[in-house]
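Naming: A, B, ... by sequence-line order, numbering from 1 per chain. Side chains are part of it too, since the values below use all heavy atoms of this structure and drop only hydrogens, waters and symmetry mates. It should be emphasised that the depicted structure is a prediction, and the values quoted were computed from it without experimental measurement.
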There are 2 protein chains.
Amino acid sequence: MRIVPLDEASKQNILADLLKRDPNQYSAYADTVQEIVDTVKKDRDKAVFQYTKQFDKADIDAANIRVTEQEIEEARKEVNPELLAVMKKSMKNIREFHEKQRQYSWFDSKPNGTILGQKVTALERAGVYVPGGKAAYPSSVLMNIIPAEVAGVNRIVMVTPPGRDGKVNPVTLTAAYLAGVTEVYKVGGAQAIAALAFGTESIPRVDKIVGPGNIFVALAKKAVYGHVSIDSIAGPSEILVLADESANPRFVAADLLSQAEHDELASAILVTASRELAEKVSLEAEAFANELSRSEIIKKSLDHYGYILVADSMEEAIAAVNEIAPEHLEIVTKNPFEDMTKIRHAGAIFIGEYSSEPLGDYFAGPNHVLPTNGTARFFSPLSVDDFIKKSSIVFYSKEALKEVHKDIEAFANAEYLTAHANSVKVRFEKEES
Amino acid sequence: MRIVPLDEASKQNILADLLKRDPNQYSAYADTVQEIVDTVKKDRDKAVFQYTKQFDKADIDAANIRVTEQEIEEARKEVNPELLAVMKKSMKNIREFHEKQRQYSWFDSKPNGTILGQKVTALERAGVYVPGGKAAYPSSVLMNIIPAEVAGVNRIVMVTPPGRDGKVNPVTLTAAYLAGVTEVYKVGGAQAIAALAFGTESIPRVDKIVGPGNIFVALAKKAVYGHVSIDSIAGPSEILVLADESANPRFVAADLLSQAEHDELASAILVTASRELAEKVSLEAEAFANELSRSEIIKKSLDHYGYILVADSMEEAIAAVNEIAPEHLEIVTKNPFEDMTKIRHAGAIFIGEYSSEPLGDYFAGPNHVLPTNGTARFFSPLSVDDFIKKSSIVFYSKEALKEVHKDIEAFANAEYLTAHANSVKVRFEKEES
């Protein structure tokens, strides 16, 4: 891995480079995606079946689009029992963590006869997109479905593209039913997002769509935003390790590569004030890159988006972390908890030498769907919050309103909204006339 | 107001009609807006000044774009002291309500050496859009700025279009500084949104943009979503009154008109099972519509989007409310609190005869920025939640990781992510070899 001094110029170059991976940049496909979305909105099932034939080479119709009980049972039998056992352990942790995110309605009353509050309600229907293809990511299925299930969503609707044989990956399917999905439909791509947003004869309209996908899926989610809610649009994976001379270079290198292997656009960055650590990590990373099975992807991703940044001080290093706002941050320093207090922007923070990032991807419990590409400045990890919404509650007694009605009228009249003023005034017209 | 029986056909027609007001439908302007956004991103201040000249006919440059201390003081002197006093009372209520929305970081530790948690951090910079024009809406300024201030946002940046004289409305400006804005720039329209999203020489880039605006502003917010966060895109105002025979028809009519006066696209709907109430409200509404100063707007909005729906039962009426998912809901029935428990989807719920909707617009404390156009199915009122974000925290001791590392490796290997497995494995390679 290349070693670069951390200065304003290198930081700005790297930030600009990372932003090039932003899915918002690929507007070249926006028109194609908009056309698919519009066609599904208009022709519904018919369009869904046609696009599935065209893109997935699968024959799907109203009779077989929804996964059946029998398919679920068959899929479960195909899953390695050891993997099934691990998934169950992991699920327990994920559920336990997300249970703690529950928010509750509250009401507050005052003796003058007012009640104000905030009512929390789960969404009725959530849609979960799960990518198809050869590789199945059951961990991602768990991470997207469990928060909805914990929130209390009535219908959790999963969509995933079928193979040419019209089947869905058995591990994906098993993970989905373990986690609490209520129904699964065999459709992928922009057409799946449009179907969830507007509904078709076979597929119910949902209130929110979550889950990762390729550029077509990301653009389709953006196109339907407003008709439904969506999670943040995920970019390629990122890891940033903040380490000092106390860190084990072999562990740091292994962790950097764990994200580099995701895809060629993934980014792996070490920020340190120790030149010695920088050099050791660089060597370890090269050794690992040659050994590991996804060697080619790792090398390309490190070439493009892998950096070891050497800062003059830990303060400078921490400032750089906050500017990059990484998806995953590992803090491997002498006082990692204290250093954590200085971090303002990161999706997930892994603290200390044994909190390797993949622990969070698979097992610890916090969600692995995290804001990427600097959006940790304003977005949060996927959570139970994503599947609830709030309503304000206002109650004033006659006496309470009477006390303040002239103030409200004055404010409304100042905005020239006389019908607003009238609605309060009319309630006291008899007694005050 | 027209009286229509509530049945499936009328409900579907009305829902379709209401959705026509969706800002997502006006894609005709999307290209124009995208061009403005791209130009501001590229040419920065220069583009901002040119568009301000073109659209607002005002001469703005780097020397006068930011509102000065002197302008703030002059503006304050122009504000009616009575209005100022009312705004201060209202602000106290708004702040008190939003203080209750604060969320706190939490950590949970287990004796085996694990700490998991969720860290809450305020956004660093928020942008608030405030429309210009003749009518100033200081209540809206308070409602958009106070949640950011309560959340602890460092820089609260307001943008608002200048008049031809290069000045900003004095009431708007005074409300903004009362509420805690840190800086105000004289720029409006899509160019203001682009400036906040990407930054210019004069205007800082922000993390989130909130605030109402015309169709150009709404489309620009959608265009920059992902680079920054945005609030939900607001459609025209809506009120739905759910009432039974116990309701005062004159109060109900006055409340319906309070929203109808906003603009011609506003919607006012009464749902009731009482034919008698329906007829009385219709008469009262017609009388008010002739009396009130915004008579013309009220009549147009009632013609297009005003309905009195007569249901066969209160159960049916409540089901219709949940399908419409109104921005503002008033419940004026014999047991309004009990009926409230059956409401799943509404932005704000006003309970009982004296909780007139404008009480919430101006005074009670809950936010008046609410989800419109059926989006209360999945969006919430603007709140402190909009100005914070969360980071997950993961700590495992060596012992804790050792206990589960083989599970993590098995899960990672099942996804063919061998570098993920390696990052855990490497930590125990010596002792287990």
Side-chain angles (χ1 to χ4, degrees), chain A residues 24 83 86 97 116 121 123 135 137 207-208 226 229 233 250 254-255 257-258 261 292-293 344 346 348-352 354-356 358-360 362-366 377-378 380-381 389-396 398 401 407-408 410-412 414-416 418-420 422-424 426-427, chain B residues 24 83 86 97 116 121 123 135 137 207-208 226 229 233 251 254-255 257-258 261 292-293 344 346 348-352 354-356 358-360 362-366 377-378 380-381 389-396 398 401 407-408 410-412 414-416 418-420 422-424 426-427:
Chain A
N24 288 302
L83 177 61
V86 173
F97 184 84
L116 299 178
T121 317
L123 304 192
Y137 296 105
D207 300 314
K208 177 156 191 169
S229 179
I233 294 171
R250 193 161 163 82
D255 293 359
L257 269 57
S258 77
E261 82 169 334
L292 288 161
S293 66
R344 291 184 61 85
I349 306 175
F350 297 82
I351 297 178
Y354 286 88
S355 307
S356 165
L359 162 66
Y362 289 111
F363 206 81
R377 282 188 354 259
F378 43 82
S380 301
K389 36 84 181 190
K390 297 169 181 177
S391 304
S392 304
I393 303 290
V394 178
F395 168 82
Y396 264 50
K398 182 176 180 182
L401 187 67
D407 288 332
I408 300 172
F411 209 157
E415 292 188 354
Y416 306 101
T418 49
H420 281 65
N422 182 58
S423 86
V424 178
V426 73
R427 284 166 160 88
Chain B
N24 289 300
L83 177 62
V86 172
F97 184 85
L116 299 177
T121 316
L123 304 192
Y137 296 106
D207 301 315
K208 178 157 191 167
S229 180
I233 293 170
F251 298 178
D255 293 0
L257 269 58
S258 77
E261 81 169 335
L292 288 161
S293 66
R344 291 185 61 85
I349 306 175
F350 297 82
I351 296 178
Y354 286 89
S355 307
S356 165
L359 162 67
Y362 290 111
F363 206 80
R377 283 189 354 262
F378 44 81
S380 302
K389 35 84 183 194
K390 297 168 182 177
S391 305
S392 303
I393 303 290
V394 178
F395 169 81
Y396 264 52
K398 182 176 179 183
L401 187 68
D407 288 332
I408 300 171
F411 209 156
E415 293 188 353
Y416 304 101
T418 49
H420 281 65
N422 181 60
S423 85
V424 179
V426 73
R427 283 166 160 88

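Residues B:Ala364 and A:Tyr396 share a closest heavy-atom pair of CA-OH, 3.8 Å. The minimum heavy-atom distance linking B:Phe378 with A:Gly226 is given by the pair CZ-O, 3.8 Å. Annotation for B:Leu123 and A:Arg377: closest pair CD2-O, 3.4 Å, computed over non-hydrogen atoms. Contact record, B:Ser391 with A:Ile349: CB-CD1, 4.2 Å, taken as the closest heavy-atom pair. A:Pro358 approaches B:Ser423 most closely through the heavy-atom pair CG-OG, 3.0 Å.
Using a 4.5 Å cut-off between heavy atoms, A:Lys390 touches chain B through backbone and side chain atoms alike. Using a 4.5 Å cut-off between heavy atoms, A:Thr121 contacts chain B through its side chain alone, with no backbone atom that close. Looking at A:Leu401, the atoms closer than 4.5 Å to chain B (heavy atoms on both sides) all sit in the side chain, from C-beta outward.
Ranking B:Ala414, B:Ala410, B:Ser356 against chain A, the residue ahead of the rest is B:Ser356, based on heavy-atom pairs under 4.5 Å. Here B:Ser229 is the residue among B:Pro366, B:Ser229, B:Ser293 with the most heavy-atom pairs under 4.5 Å with chain A. For the options B:Asn422, B:Leu257, B:Val424, B:Leu83, heavy-atom pairs under 4.5 Å to chain A are most numerous at B:Asn422. By number of non-hydrogen pairs under 4.5 angstrom with chain A, the leading residue of B:Ile408, B:Asp207, B:Ile393 is B:Asp207. The residue among B:Ala254, B:Ser392, B:Ser380 with the most heavy atom pairs within less than 4.5 Å of chain A is B:Ser392. Top candidate by heavy-atom pairs under 4.5 Å with chain B, chosen from A:Gly352, A:Gly365, A:Pro381, A:Gly360, is A:Pro381. Interface summary for chain A: among B:Leu292, B:Asp407, B:Val86, the most heavy-atom pairs under 4.5 angstrom belong to B:Asp407.
Here the straight-line distance linking atom CD1 of A:Ile351 with atom CG of B:Leu116 works out to 10.0 Å at 0.5 Å rounding. Taken from OH in B:Tyr137 to CZ in A:Phe411, the straight-line distance is 12.5 Å, to the nearest 0.5 Å. Rounding to the nearest 0.5 angstrom, the gap separating the CZ atom in B:Phe395 from the CG atom in A:Leu359 is 11.0 Å.
With sequence neighbours excluded, the residues satisfying side chain to side chain contact (heavy atoms under 4.5 Å, CB included) with A:Ala412 are A:His420, A:Ala421, B:Tyr362. In this view, B:Lys389 satisfies the salt bridge (charged side-chain N to carboxylate O under 4.0 Å, His left out) rule with no residue, not counting sequence neighbours.
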